[in-house]
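In each ligand, atom 1 is the first atom listed, and ligand 1 is the first ligand listed.
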Amino acid sequence: MTRRSPLFVGNWKMNKNALQTRSFVESFLPLAENLPANVGIAIAPPFTALAAAAAALRSGSRVALAAQTMSEFSEGAYTGEIAASMLAEFNVAYVILGHSERRFYQRESDATIGAKVRAALDAEITPILAVGESLEVREAGNAVAHVLAQIQAATGELTEAQAARIVLAYEPIWAIGTGKNCDRDRAQEIARAARSARRAFADIPILYGGSMKPENAAGYMEMPDIDGGLVGGASLEAHSFARLIAGAIAR
Ligand code: 13P
């Protein structure tokens, strides 16, 4: 079976200062350089550590940079916000958008997330659109419908060509940071539904996120519609993240 290239993105959330970031990169780069060239690898440090990460990674590095969010606006009076063009200065290749923590704590709406996705694409930064249901929605049997509605709301206005340039990340909220990772067959069911939602999604990477660890990553990779991971806690330590990726792609 031909496969889409795997992609693993470390979402550091609000962890690591510039010094800690440089030290991570120095440990992680040699490990990443031993991984097969077709495997995409990115780290998403906080904004304040992007410069340190960019300097430590150097250009043409095996590891790409991602941001954890960005503004939907290109510039102007938006105190505290960061524009796509500012991320591009640090060669940021990906931006995570719609993470459940931002939907919850920053009250980001589907409409805002959709505007951010379009702004990222306009800036040639690949959006990683995160979607996922709460435990309540899951238990009511509405997980698939909920995720499809989130995807439609954030990508409905994209052209086919634009939609083919995004990455999707399925992150059930109840699995994030809890140690209770989603059963791989359930994750596959959602990934399949997401991929089938639109022809443009046929070849995009679909990632799983939510307590992905070195011990469980390989199981997800055996699923036909799951192409990698959006990894939180297990991406914070260089050896753990490298071990997770190596294990995931071993079979
Ligand atoms: P954990 O891997 O820590 O559960 O976090 C997942 C996540 O939210 C990645 O975006």
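Between Phe24 and Phe241, the ring-plane angle classifies as tilted under the 30° and 60° cut-offs.
Taking every heavy atom of Glu171 and a limit of under 4.0 angstrom, the matching atoms of ligand 1 come to 6 (C), 7 (C), 8 (O), 9 (C), 10 (O). Every atom of ligand 1 with a heavy atom of Gly233 under 4.0 Å away is listed here by number and element: 1 (P), 2 (O), 3 (O). Using a 4.0 Å cut-off to heavy atoms of Gly210, the atoms of ligand 1 that qualify are 4 (O), 6 (C).
Residue contacts with ligand 1 leave out Gly209, since none of its heavy atoms falls under 4.0 Å from the ligand. Look at Lys13 and you'll find a heavy atom under 4.0 Å from some atom of ligand 1.
Ion pairing between a basic and an acidic side chain is recognised when a charged N comes within 4.0 Å of a carboxylate O; Glu108 and Arg103 show no such pairing. A salt bridge is absent between Glu72 and Arg118; no separation between the charged side-chain nitrogens and carboxylate oxygens falls under 4.0 Å. With salt bridges taken as basic N to acidic carboxylate O contacts below 4.0 Å, none links Arg195 and Asp203. In summary, Glu160 and Arg199 do not engage in a salt bridge, as defined by a charged side-chain N under 4.0 Å from a carboxylate O.
Asp225 has its side chain out of reach of Ile190: every pair of non-hydrogen atoms, C-beta onward, lies at least 4.5 Å apart.
Counting heavy atoms closer than 4.0 Å to ligand 1, residue Leu230 contributes atoms from both its backbone and its side chain.
The environment of CZ in Arg22 is sparse: at most 12 heavy-atom neighbours from other residues, nucleotides or ligands sit within 6.0 Å.
When the heavy atoms of Ala169, Gly179, Gly177 are ranked by distance to atom 4 (O) of ligand 1, first place goes to Gly177.
Taking any N or O of Thr178, backbone or side chain, none lies under 3.5 Å from an N or O belonging to ligand 1. In terms of polar-atom proximity, defined here as any N/O pair under 3.5 Å, Glu101 makes no such contact with ligand 1. Taking distance alone, with nitrogen or oxygen atoms compared against 3.5 Å, Lys213 stays at or beyond that limit from ligand 1.
In this structure, atom 2 (O) of ligand 1 lies nearest to the protein heavy atom Gly232 N, 2.9 Å.
Listed for the Ser61 side chain is no donor-acceptor partner under 3.5 Å among the backbone atoms of Arg58.
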